[in-house]
Asks: 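Would you mind keeping the following structure in view while I ask a few things?
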Amino acid sequence: MDSRQITENSLFVAIKGQKVDGHTYITKALEQGANVIVCEQLPDTLHEDRTYLKVENAQKAIGQIAAAFYDHPSTKIKLCGITGTNGKTTTATLLYQLFKNLGYKVGLISTIRYLVDETEEDAIFTTPYAIQLQALLAKMVEQNCSHCFMEVSSHAIEQNRIEGLHFTGGIFTNITHDHLDYHETFDEYIRVKKAFFDNLPKNSFALSNIDDKRGTVMLQNTKAKKTTYALQTLADFNLRIIESNTSGLLININGNDIHSLLMGHFNAYNLLAVYSTASLLEIEEEMLLLALSQLQPAEGRFDCLLSKDKKLTGVIDYAHTPDALEKILTALQEIQSKQAQIITVVGCGGDRDPLKRPIMAKVAATYSNKVILTSDNPRSEDPESILREMEKGILSEEALKVVTIVNRKEAIRTACLLAQAGDIILIAGKGHEKYQEINGVKHSFDDKKILQELFDKLST
């Protein structure tokens, strides 16, 4: 689909993208050596020694062609797709970890990384484009992987990147305000997520969190076996939180008590999604419960570190939606000691849904003792204008506990200087990312590394 990658005897698919129309590159593809062109509109000039295939939807066609080219790898592996606004990365990563711990060879396709068993591939998108996706799955089959756990983003569903895949199961985590810069309305965002479940095959399973009010909506028209999980509603799989503190969670799953190192109420949902999925994949109960208790947090998801003197706690989290931020802050309040403060450093990305900016600031101010608004990935936007939009969500009575510092490193440093013994510093929004994108350029930037360096300086 990229004319620059065309070599002799290639097949080129002309995709109409949001910004670029691949049809304008057909001539270049032919000059590079393409001998088959798949397109939605035939070019004015046709070469007799080349083959042209006109299709209704080139994005769907490329998925089907790639699946056939790689000999339909998703039919030779148990492929599970996780979709929802929050929890996708953690659920997929924990499932990968659990199955690895049980001795299986497993694949992972997530926001953080793509793994073919233990070999890492470059991760560009949450869900890669069809050709890369099918190639990845083919590598997994070649390496004798039995399962693959992948995040399925709303963009990937809408753009038919998952066309040609056969899913063993689909998992719905939750749905909240996000990606409205792309989907325009919340109803459209829900429709796209639901389409994933509508298209699951009859011999697969559809697992949904029915504590989310759209959880049952996701299952309405699916042909797959309908299964549910919940903490607050009677479901096929239930979980009860017995204790939640700095050492993790003590939980009861379907009558069994286990301790998990993962912290916070929202992680109870992630653990239950993992348990439910593994059960549906016929993992024996006793082995499953033991493996579940040994799971480690995903990178950049409620990622904790302590200062050397153990007086300060730092938490790095990818929370970049109002709901995710509220969940992480609520979880921190659960483990917060009486005199301790929660100091939150948070921003919003540029060229993304602007409607959530004031809401993010309001959530941070509501659930934190002190807030520092700062840059996230401003991309092509002016970081100061993003922050001004965030400031609109701060109520006058909360203004005294909020400060704006454009420079993200300086904002993290200020949080450390403001912190007293026992305080918790939350650095939200970027999580596992190792860069900050400014004016289209990615600069090296790692929240966790910077916080650790500042903690080390404070402890000396």
Side-chain angles (χ1 to χ4, degrees), residues 1-5 15 17-22 24-25 28 89 109-114 120-129 131-132 151 153-156 159 161 178-182 299-301 303 314 316-321 324-325 344-358 360-361 364 372-391 403-416 426-454:
M1 57 186 280
D2 184 344
S3 60
R4 293 167 297 184
Q5 294 177 10
I15 302 284
Q18 279 185 292
K19 296 178 182 176
V20 179
D21 185 351
T24 60
Y25 293 92
K28 186 185 175 187
T89 301
I109 301 172
S110 78
T111 305
I112 298 176
R113 56 175 59 94
Y114 307 155
E120 188 157 354
E121 305 277 332
D122 291 336
I124 303 166
F125 299 104
T126 297
T127 312
Y129 282 106
I131 299 171
Q132 187 186 11
E151 292 184 54
S153 69
S154 57
H155 292 69
Q159 294 168 10
R161 291 187 214 164
D178 198 20
H179 297 308
L180 298 195
D181 55 309
Y182 180 81
E299 183 187 2
R301 269 66 177 173
D303 206 343
I316 310 296
D317 196 86
Y318 189 55
H320 62 285
T321 67
L325 186 61
T344 298
V345 178
V346 66
C348 285
D351 304 332
R352 298 292 186 272
D353 183 5
L355 296 176
K356 70 181 180 185
R357 292 171 185 174
M360 288 284 285
I372 302 171
L373 301 179
T374 190
S375 290
D376 190 285
N377 289 318
R379 297 183 178 91
S380 69
E381 283 194 69
D382 174 17
E384 291 194 17
S385 68
I386 295 172
L387 290 166
R388 282 194 292 272
E389 286 183 44
M390 290 188 76
E391 287 168 352
V403 63
T404 300
I405 300 173
V406 178
N407 184 292
R408 191 173 180 90
K409 187 171 182 178
E410 187 59 30
I412 297 171
R413 192 178 81 87
T414 303
C416 292
L426 170 65
I427 316 294
K430 288 171 57 59
H432 64 282
E433 291 177 351
K434 302 292 189 288
Y435 65 86
Q436 188 176 30
E437 189 177 341
I438 303 168
N439 291 324
V441 179
K442 288 185 177 181
H443 304 269
S444 180
F445 200 99
D446 185 335
D447 283 352
K448 189 173 182 178
K449 185 180 176 185
I450 288 166
L451 186 60
Q452 187 65 68
E453 287 170 357
L454 288 163

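Because the structure is predicted, anything quoted here is derived from the model rather than measured.
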Asks: Given Lys430 and Glu437, is the salt bridge (Lys or Arg N to Asp or Glu O under 4.0 Å) satisfied, shown in steps?
Replies: CA-CA 11 Å; Lys430 288 171 57 59; Glu437 189 177 341; over 6 Å; no

Asks: Check Thr374, Ile372, Val345, Asn407 against Thr414 for a side-chain contact (heavy atoms from CB on, under 4.5 Å) and give me the one that passes.
Replies: Ile372

Asks: Crowded around Tyr114 OH? As in, over 12 foreign heavy atoms under 6.0 Å?
Replies: yes

Asks: When you check the gap from the basic side-chain N to the acidic O, do Glu381 and Arg352 get nearer than 4.0 Å?
Replies: no

Asks: Salt bridge check, Arg113 against Glu121: does any charged N sit closer than 4.0 Å to a carboxylate O?
Replies: no

Asks: Under a 4.0 Å N-O cut-off, is there an ion pair linking Arg388 with Glu391?
Replies: no

Asks: Does the gap between the ring centers of His443 and Tyr435 come in under 6.0 Å?
Replies: no

Asks: Are there more than 12 heavy atoms of other residues, nucleotides or ligands under 6.0 Å from atom NZ of Lys28?
Replies: yes

Asks: Leu373 and Val346: side chain to side chain contact (heavy atoms under 4.5 Å, CB included), yes or no, with the steps?
Replies: CA-CA 5 Å; Leu373 301 179; Val346 66; 4.0 Å; yes

Asks: Compute whether any side-chain donor of one residue and acceptor of the other, for Gln436 and Asp376, lie under 3.5 angstrom apart.
Replies: no

Asks: Does Ser110 use its side chain to pair, donor to acceptor, with the backbone of Glu151 at less than 3.5 Å?
Replies: no

Asks: Under the salt bridge (Lys or Arg N to Asp or Glu O under 4.0 Å) criterion, do Asp303 and Lys448 qualify, and how do the steps go?
Replies: CA-CA 8 Å; Asp303 206 343; Lys448 189 173 182 178; 2.9 Å; yes

Asks: My understanding is that only residues two or more places apart in sequence, or in another chain, count here; which of them pass ring pair (Phe, Tyr, Trp, His ring centres under 6.0 Å) with Tyr129?
Replies: Phe125

Asks: Write out all pairs satisfying salt bridge (charged side-chain N to carboxylate O under 4.0 Å, His left out) with one or both partners inside residues 438-447, taking only residues at least two apart or from two chains.
Replies: Arg408-Asp447

